[in-house]
Amino acid sequence: MGLDPEVRRRAALLRLDEVLGVDDEAAGPAPRDPPAPPLRGALDAAVVLLATLYLGVRHSLTDCLTTPLGREQLARQVVEVGRRGVPIVVGVTFLIGAIIAIQTAYTLEPYGATIYVARGVGISMTRELGPLMAAVLVAARSGSAIAAELGSMVVSEEVEALEMMALRPRRFLLSPRFAALTFSVPALSVCADVAGVLGGAAIMVLQYDIVARAYFDETVRAVYLSDIGSGLIKSVFFGALIAAVACRCGLSLRGGPEAVGRAATAAVVQSIVAVVLFDAAFTFASRGIL
Amino acid sequence: MIDRPAPVLETRGLVVRFNGRPVLRGIDLQARAGEVLFLMGPSGCGKTTVIKCIAALLQPDEGQVLFEGRRLEGVGGGPAVDAMRRATGLVFQGSALLNSISLAENVALPLRARLRLPPAAVREVVRMKLAQVGLLHAMDLRPSELSGGMRKRAGIARALVLDPRLLLLDEPTSGLDPVTSDGIDRLVAQLRHELGVTVVVVSHDLASAERVADRLVILGQGEALVEGTWAEVQASRDPAVRSFLDRRARPPAAAAHAAWEGP
Ligand SMILES: Nc1ncnc2c1ncn2[C@@H]1O[C@H](COP(=O)(O)OP(=O)(O)O)[C@@H](O)[C@H]1O
Ligand SMILES: [Mg+2]
């Protein structure tokens with residue numbers, strides 16, 4: 001395959017060789033060729049991203065669960081990405097639920113139908129905004145952190161030090177982050193769904209004299225399990241995408257410490273774009289559009 | 001003539017180019033069992049590059065590395081590379097400790113990655129190795145909370161934790177105070193004499209080369225300019241070797257001056 005040699009070397013580090021069909025010998029030479037032209041660079045990046053996704057899907061659970069070191073790394077990442085992400089996700093989506101309630105109430109009030117605000121908030125939070133906001137916040141919070149951490153590990157030769165200990169970057173770095181994100185984003189989405197509904201309820205109860213009980217009954221009537229389910233399925237993919245993009249940006253970093261900041265920025269931008277593109281494709285496909 | 005021990009480590013014709021610029025132009029090295037080999041030369045001459053090739057972290061464009069008679073192939077690993085890494089401790093020039101975990105956890109990492117020991121045994125070994133480099137008191141600190149010299153020593157403890165047969169030290173004493181560098185020299189000598197460890201030391205430090213090295217190789221322009229014992233190297237007439245060795249003879253200010261002004 002006509003990949004940039006640097007890409008091939010990074011691929012070998014991640015054990016992408018099996019995916020890309022390059023043997024170790026060919027994967028050899030280290031960063032020493034001039035950078036690829038931009039389009040080639042983007043194509044190479046896309047190939048490595050897809051291969052990273054594939055490796056994550058195929059190996060992350062076994063890598064994490066079979067050794068004490070793997071379980072420890074996974075637990076660390078779940079705490080870092082998932083548990084520490086709860087306050088910001090809950091806070092932001094509570095406000096978003098409240099905002100949607102206000103905007104929807106504004107359209108429905110003339111018809112005396114403000115109770116239907118519960119439907120609008122419930123459905124838009126569970127189907128779309130809960131998972132999406134959770135993913136965007138995780139991309140901003142953890143995508144950048146992961147890319148910066150892995151990038152600075154590349155710069156300070158920590159990745160090579162791990163290689164010396166037979167701790168392959170895939171096993172030790174990619175897999176725990178991949179598994180943690182594919183688990184944490186759906187979990188945070190559930191928090192986001194609940195917080196959004198509560199935010200909507202708070203506005204309606206305090207400002208529009210809707211009885212809390214009625215609001216929640218209406219929500220339960222309007223929101224089907226399939227709404228929640230489709231949101232959660234999407235968010236699993238969101239998590240996987242953010243993990244793959246962030247790990248790729250970090251591990252394929254070239255240059256010195258000054259490149260770490262760029263890697264973090266690239267991880268946030270690329271993972272949000274990837275999440276929204278996937279969301280659009282998923283939504284269009286499931287609604288039979290296109 | 002008595003048989004010399006077979007080389008533990010051998011490089012044959014290493015050529016490495018960065019962006020088409022040759023950095024190594026055919027390096028042949030041999031380190032025999034239980035020997036301390038010093039790899040010296042001005043900075044930027046490719047010493048770290050040689051070490052990375054030996055550890056199979058960098059694939060040379062040409063040439064090969066043999067460890068205990070087996071050829072190492074590919075940065076991606078393979079049985080020969082893994083066997084070499086299992087038996088090798090590498091101390092990176094910048095220490096390369098993991099910043100997210102404590103010193104003790106850093107030193108424990110190779111053990112936990114390679115062996116299945118009970119946690120108590122891991123702790124025991126870690127304490128022993130940290131004591132060996134005088135860092136027992138700092139075991140719960142993060143690498144970012146340590147001085148450069150402490151980080152270097154912690155890197156050495158990590159490299160020693162699996163009792164390697166080959167130790168690669170990339171500038172272990174650069175930038176350290178004389179007391180600490182003497183300590184590192186003594187540790188190297190001790191490892192060689194008591195445990196028969198083969199040591200390759202990258203260094204600028206002529207004093208410690210004189211004290212500890214069995215043999216020296218001086219690199220320049222991507223080639224080995226001279227190789228031999230301290231006395232043999234001292235006898236060299238090569239101007240590049242002389243300018244490297246004679247730094248010490250001149251008063252420091254004059255030496256610095258000469259270095260800036262060039263030949
Ligand atoms: N990854 C790299 N990409 C491009 N050039 C490099 C790289 N690593 C080292 N070099 C160059 O190779 C030469 C040798 O570097 P190095 O082996 O680190 O020298 P030393 O350790 O002797 O100071 C230097 O000129 C350096 O600029
Ligand atoms: Mg160096």
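Quick note on labels: first sequence line is chain A, next is B, and so on, each numbered from 1.
If you measure heavy-atom distances from Arg76(A) to chain B, the contacts under 4.5 Å come from the side chain alone. Using a 4.5 Å cut-off between heavy atoms, Glu80(A) does not touch chain B at all. Residue contact with chain B, scored on non-hydrogen atoms closer than 4.5 Å, involves the backbone and the side chain of Leu69(A) alike. At a 4.5 Å heavy-atom cutoff, the contact between Met153(A) and chain B is made by side-chain atoms alone.
Taking the side chain as every heavy atom from C-beta outward, Glu157(A) and Lys52(B) approach each other to under 4.5 Å.
The local environment of CD in Gln221(B) is sparse, with at most 12 non-hydrogen atoms from other residues, nucleotides or ligands closer than 6.0 Å. With a 6.0 Å radius and a threshold of 12 heavy atoms from other residues, nucleotides or ligands, Phe172(A) has its CZ atom above the threshold. Around the CZ atom of Arg83(A), the shell of radius 6.0 Å holds no more than 12 heavy atoms that belong to other residues, nucleotides or ligands.
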Glu163(A) vs Arg85(B), test: side-chain contact (heavy atoms from CB on, under 4.5 Å). Steps then yes/no.
CA-CA 9 Å; Glu163(A) 285 276 315; Arg85(B) 288 180 179 165; 3.4 Å; yes
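Using a 4.5 Å cut-off between non-hydrogen atoms, the part of residues 112-132 of chain B that approaches chain A consists of Arg112(B), Ala113(B), Arg114(B), Arg116(B). Taking non-hydrogen atoms and a 4.5 Å limit, the residue list of residues 95-102 of chain B in contact with chain A, ordered by number, reads Ala96(B), Leu97(B), Leu98(B), Asn99(B), Ser100(B), Ile101(B).
Chain A forms more heavy-atom pairs under 4.5 Å with one residue of Arg86(B), Arg21(B), Arg158(B) than with any other, namely Arg158(B). Contact count versus chain A (heavy atoms, under 4.5 Å) is highest, among Ala159(B), Ala55(B), Pro110(B), for Pro110(B).
Between Phe92(B) and Met164(A) the shortest heavy-atom distance is CZ-CG, 4.4 Å.
Qualifying side-chain contact (heavy atoms from CB on, under 4.5 Å) partners for Val236(A), counting only residues two or more places apart in sequence or in other chains: Pro186(A).
Within the structure, salt bridge (Lys or Arg N to Asp or Glu O under 4.0 Å) contacts touching residues 90-100 of chain B (residues at least two apart or in different chains) do not occur.
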